[in-house]
Amino acid sequence: MAEWFVYIVRCADGTLYTGITCDVERRLREHNGKGRRGAAYTRARRPVRLVYREPCPDRSRAARREYKLRNMPRRDKEKLVLKR
């Protein structure tokens, strides 16, 4: 069974994007335009760089954690990024 991750990337305009994946490096390449996939949000804000990664045991828990992170105030996300 694949391990899942919640991740945060910082976009070129300074904004933060949160997502989930089981392959962080592949997803980062996709966000930066390598391949066919990638979020519409990051497409207009390239390049992006990985600033946070958190392992989760399964997709369900990764999705729940992603939801919590997406709803955090920006200042709390920045604190989380600085801890890593």
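Side chains included, hydrogens not; waters and symmetry mates left out as well; all remaining heavy atoms used. All of these numbers come straight from a predicted model, not from anything done at the bench.
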Side chain proximity check, H31 to Y7, heavy atoms < 4.5 angstrom: yes
Non-hydrogen side-chain atoms of V48 and Y17 separated by less than 4.5 Å: no
Rounded distance [0.5 Å steps], OG1 in T21 versus CZ in R59: 10.0 Å
Note, E78 side chain near L16 side chain (heavy atom, < 4.5 Å): yes
Value rounded to 0.5 Å, distance of CG in L69 from OH in Y52: 6.0 Å
CZ-CD distance between R26 and E30, expressed to the nearest 0.5 angstrom: 4.5 Å
Atom pair CZ (R65) and OG1 (T18), whose distance is rounded to the nearest 0.5 Å: 10.0 Å
Set of residues satisfying side chain to side chain contact (heavy atoms under 4.5 Å, CB included) with respect to R43, sequence neighbours excluded: A40, R46
With sequence neighbours excluded, residues passing side chain to side chain contact (heavy atoms under 4.5 Å, CB included) with R53: F5, V24, E25, L50
Nearest non-hydrogen partners of E3 and C56, listed with the distance: CG-O, 3.6 Å
Student check: side-chain heavy atoms of T15 and Y41 closer than 4.5 Å: yes
Reported CG-to-CZ distance for the pair N32 and R27, which is rounded to 0.5 angstrom: 11.0 Å
Joint hydrophobic cluster, V51 plus L28, side-chain heavy atoms closer than 4.5 Å: no
Distance, nearest 0.5 Å, that separates CD of E54 from CD of E66: 11.5 Å
All side chain to side chain contact (heavy atoms under 4.5 Å, CB included) counterparts of N71, not counting sequence neighbours: Y67
CZ/R75: more than 12 non-hydrogen atoms of other groups inside 6.0 Å: no
Side chain proximity check, R10 to V81, heavy atoms < 4.5 angstrom: yes
Donor-acceptor side-chain pairing of D58 and S60 below 3.5 angstrom: no
